[in-house]
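Notes follow once the structure below has been shown.
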Protein chains: 2
Amino acid sequence: MGEYKAEIIAVGTELLLGQIANTNAQWLSQKLANQGISVYFHGVVGDNLERVKTAFQLASDRSDLIIVTGGLGPTDDDMTREAFQAITNNHLKEDEQTIDKIRGYFAKTKRKMTPNNRKQALVFENSLVLQNSTGMAPGMIVDFNGKKWVFLPGVPREMKTITTEHVIPYLKRTFLLTSVIESRMLRFIGIGESQLEHELKPLIDVQQNPTIAPLASEGEVAIRLTAKAESKEKANELIDKTELSVLEQVGNYFYGYDSTSIHECVFELLKSKKLTLAAAESLTGGGFSNEIVSLSGVSQVYMGSVVCYSVYSKQHLLGISPELIEVHGTISEQCAEAMAKNVCSKLNSSIGISFTGVAGPDDSEGKSAGTVFISVHGHGHKGEMNTEAFHFQGDRDTIRTRAIKKGFELLYRLLKDL
Amino acid sequence: MGEYKAEIIAVGTELLLGQIANTNAQWLSQKLANQGISVYFHGVVGDNLERVKTAFQLASDRSDLIIVTGGLGPTDDDMTREAFQAITNNHLKEDEQTIDKIRGYFAKTKRKMTPNNRKQALVFENSLVLQNSTGMAPGMIVDFNGKKWVFLPGVPREMKTITTEHVIPYLKRTFLLTSVIESRMLRFIGIGESQLEHELKPLIDVQQNPTIAPLASEGEVAIRLTAKAESKEKANELIDKTELSVLEQVGNYFYGYDSTSIHECVFELLKSKKLTLAAAESLTGGGFSNEIVSLSGVSQVYMGSVVCYSVYSKQHLLGISPELIEVHGTISEQCAEAMAKNVCSKLNSSIGISFTGVAGPDDSEGKSAGTVFISVHGHGHKGEMNTEAFHFQGDRDTIRTRAIKKGFELLYRLLKDL
């Protein structure tokens, strides 16, 4: 199965007009990857007979397993059957079970069955018919010139049900899939993508199995380790080994696996150490708070936040002294420290974090857009204070997003060592 | 331009593994459709030199405009430049402006520039370089064998910015597009999608040019009017006429055009009426505030927010009396009113809004998940108070999102009539 090439073709003009995204291809790719089947191409083609034929011909030439989604519906612009028929001379017949179902549906809803409704029951004579338990048109599997063709409806719910109920079991049965692909994501914060790759270059250069793929997202990076082996256990052993080598190099920046987020880690640490948190947010404007309250159960550890967007609110809600603001300004290390310290005492929390800075696009108080001070205050825990200055790049939203991510990073570092 | 064929190729193994959906192709297709350019194919190919070359060769044979997303990053598996170079013999050079930007970025962030960072500055010698205002790697437009090639980064934010700032203007200029497609979005709040469609059914049934397409999103609906004509003016005249008919039916729910958001409308109304706003957020946890501070210049009208996630913060920061909480609970009309009123006086704002409720998944204080009270208090402006109770459906994030959207709707209604 190592060299076995799969391809996914979606038929539908709505995709080419951008009315929907091709999430079917994403979902199917994940399922195939889990079975150790490599997908080499995705294609999208409109409801046009000639172009669908061309796409099928190309797939037939280069791929071993071709999965086609869409174009099986009742209307004239559903071209999948016609196109495949034209290139293979396969004949169509009505599937009895489907015809009965369509008749039953129209009887039940007291609507008149129109001739084109019968079209959905047409299947290839020599196909394996995959019954559709959530819709009308069945799926099909057809062998042609040594290639496997799988036809599925385009409606995501129907496509997913037929795949799970019929296609995956069929593929397992037919190919006696003996190799398994396992993936693990390692998440890092506080290191850039290129720096991470630089550190891991010796490992990446010799990667084979598992493969090592760096992925960047806003303010953090991840590495995906993907291993192929004869069993899940063997694949995970290979991944374990590579993970160790990776963490030897960059373990200092590692914070979690797979879909773990940095704010979940902070939440878990607060819970396990029985600490509470409060925030004072100026430029982040509630965005930090908004992230943390997305987690269910967070009210155990999260006291709240003061979004002190105005000087008035800094003075009257947080008790920052007018003198401090006069001397240092609101965008200063001193103001950040006072905000973190005061929000702790105002909200009676063990830890306080504060954000002040310039989201832009204009400068403020003589500081350029992107200037941000973040302060973390461990009230009652050594009473320690850590304030850092940053210069983030990007537009207003990017600067705020990066500041928030950095805030979680600073909290994570503090909590890990407490 | 009728027969002009466009194709979009995404380069990236992460798409073939199903880690992300190809939303770039969707977005680009919409933009091209708006310009009257037909997209005939989408393709996705992995980070493999031979396969990228094959995909490019095929596109070159069958399409007139080829847009490639992804594969321009700093790492070794970014193959787009190499593949195009191999089939066209185009030479690469460093783009001075980009190199300066990369150097500046590393200097500013005090990080070390690694050799692979330079790769992002490589552009084709005879290309039109499209500067990337939100990231590193620039886009490019290259003419080859009478075909136009557009190369864009795969990061959606960067791809979108470069397309909007450079690619669309270029296409307009270059092809002197003769039939013009104009689109206008009308935005509504306070009416459901099916209700809106019901009210507009007579209009929708006879639609031809413009077409009328209802679109639903979280907590609001929009209608897209799309007209085709020989000039922008003619298309807009057609749209104007249909818009009038639409607004005759449902104008009461209309709040703005195109990408206008309800929070922008609220911001503009606050500005023009010289009013200020403050928020007290319990279940929304800073999410309301986070939306409003995404707007530049909002500090003129926005005083801040108290994210009173704990009972302690409701009492100590907002001064809600223990008796009120004892008698009515924190999830009550009475608490919502006190929160809105008190945040007004604490932050010295003309208007206060408050949110309290159960985001779920568990019930709280005997109230079921989705129960939300929103109160708007017009301090000093007739001193009026409007509190409404809602039962939102959905998971934690959906309930919070709907509450926030509804809060903006209530503010909008209040401000419009002030």
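Labels below follow one simple rule: chain letters A, B, ... track the order of the sequence lines, proteins then strands, and each chain is numbered from 1.
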Top of B:Ala279, B:Ser296, B:Gly73 for chain A proximity - count of heavy-atom pairs under 4.5 angstrom: B:Ser296
Closest heavy-atom pair and its distance - A:Leu295, B:Arg396: O-NH2, 3.2 Å
Beyond-backbone contact of A:Phe41 with B:Val44, side-chain heavy atoms, under 4.5 angstrom: no
Contact class of A:Gln19 relative to chain B, heavy atoms under 4.5 angstrom: backbone
Heavy-atom pair of closest approach, residues A:Tyr312 and B:Met303: CB-CE, 3.8 Å
Non-hydrogen side-chain atoms of A:Thr398 and B:Arg157 separated by less than 4.5 Å: yes
Leading residue by heavy atom contact count with chain A [cutoff under 4.5 Å; candidates B:Asn22, B:Asn117, B:Val155]: B:Asn117
Pairs of heavy atoms under 4.5 Å with chain A: top-ranked of B:Glu281, B:Lys108, B:Lys314, B:Lys31: B:Lys108
Heavy-atom pair count under 4.5 Å with chain A, highest-scoring of B:His316, B:Arg62, B:Lys346, B:Lys112: B:Lys346
Euclidean distance, B:Leu317 CG relative to A:Leu347 CG, rounded to 0.5 Å: 4.5 Å
Which portion of B:Ala21 sits near chain A, non-hydrogen atoms under 4.5 angstrom: both
Contact summary for A:Glu193 and B:Thr75, nearest pair of heavy atoms: OE2-CG2, 4.1 Å
Side chain / backbone / both / neither for A:Lys201 at chain B, heavy atoms under 4.5 Å: side chain
Minimal non-hydrogen separation, A:Ser29 against B:Gly18, with atom names: CB-N, 3.6 Å
Closest-packed option against chain B by number of heavy-atom pairs under 4.5 Å, given A:Ser294, A:Gly43, A:Ser299: A:Ser294
Considering all heavy atoms, the nearest A:Val293-B:Arg400 contact: CG2-NH2, 3.1 Å
Proximity breakdown for A:Thr226 and chain B, heavy-atom pairs closer than 4.5 Å: neither
Beyond-backbone contact of A:Leu16 with B:His42, side-chain heavy atoms, under 4.5 angstrom: yes
Between B:Gln30, B:Glu7, B:Arg51, the one whose heavy-atom pairs under 4.5 Å with chain A are most numerous: B:Arg51
Largest heavy-atom contact set with chain B, pairs under 4.5 Å, which of A:Ser282, A:Gly304, A:Ala10: A:Gly304
N/O donor-acceptor pair under 3.5 Å between A:Ser289 side chain and B:Gly285 backbone: yes
Test item: B:Tyr40 and A:Asn48 side chains (from C-beta on) under 4.5 Å apart, heavy atoms: no
Contacting moiety of A:His391, where chain B heavy atoms sit under 4.5 Å: both
A:Gln195 CD to B:Asn116 CG distance, which is reported to the nearest 0.5 Å: 9.5 Å
Approximate separation, where rounding is to 0.5 Å, of A:Ile20 CD1 and B:Gln26 CD: 8.0 Å
Reported CG-to-OG1 distance for the pair A:Asp395 and B:Thr161, which is rounded to 0.5 angstrom: 7.5 Å
B:Thr276 versus chain A, the contacting section by heavy-atom distance below 4.5 Å: neither
Contact check, side chains of B:Tyr302 and A:Ser313, non-hydrogen atoms, under 4.5 Å: no
Check: B:Val307 main-chain N/O paired with A:Ser305 side-chain donor or acceptor under 3.5 Å: no
Chi angles and distances behind the side chain to side chain contact (heavy atoms under 4.5 Å, CB included) call for B:Tyr309, A:Val298: CA-CA 9 Å; B:Tyr309 214 68; A:Val298 76; 3.6 Å; yes
Part of A:Leu58 lying under 4.5 Å from any heavy atom of chain B: side chain
Proximal component of B:Phe288, with respect to chain A [non-hydrogen, under 4.5 Å]: neither
Between A:Ala33, A:Ser194, A:Ala6, the one whose heavy-atom pairs under 4.5 Å with chain B are most numerous: A:Ser194
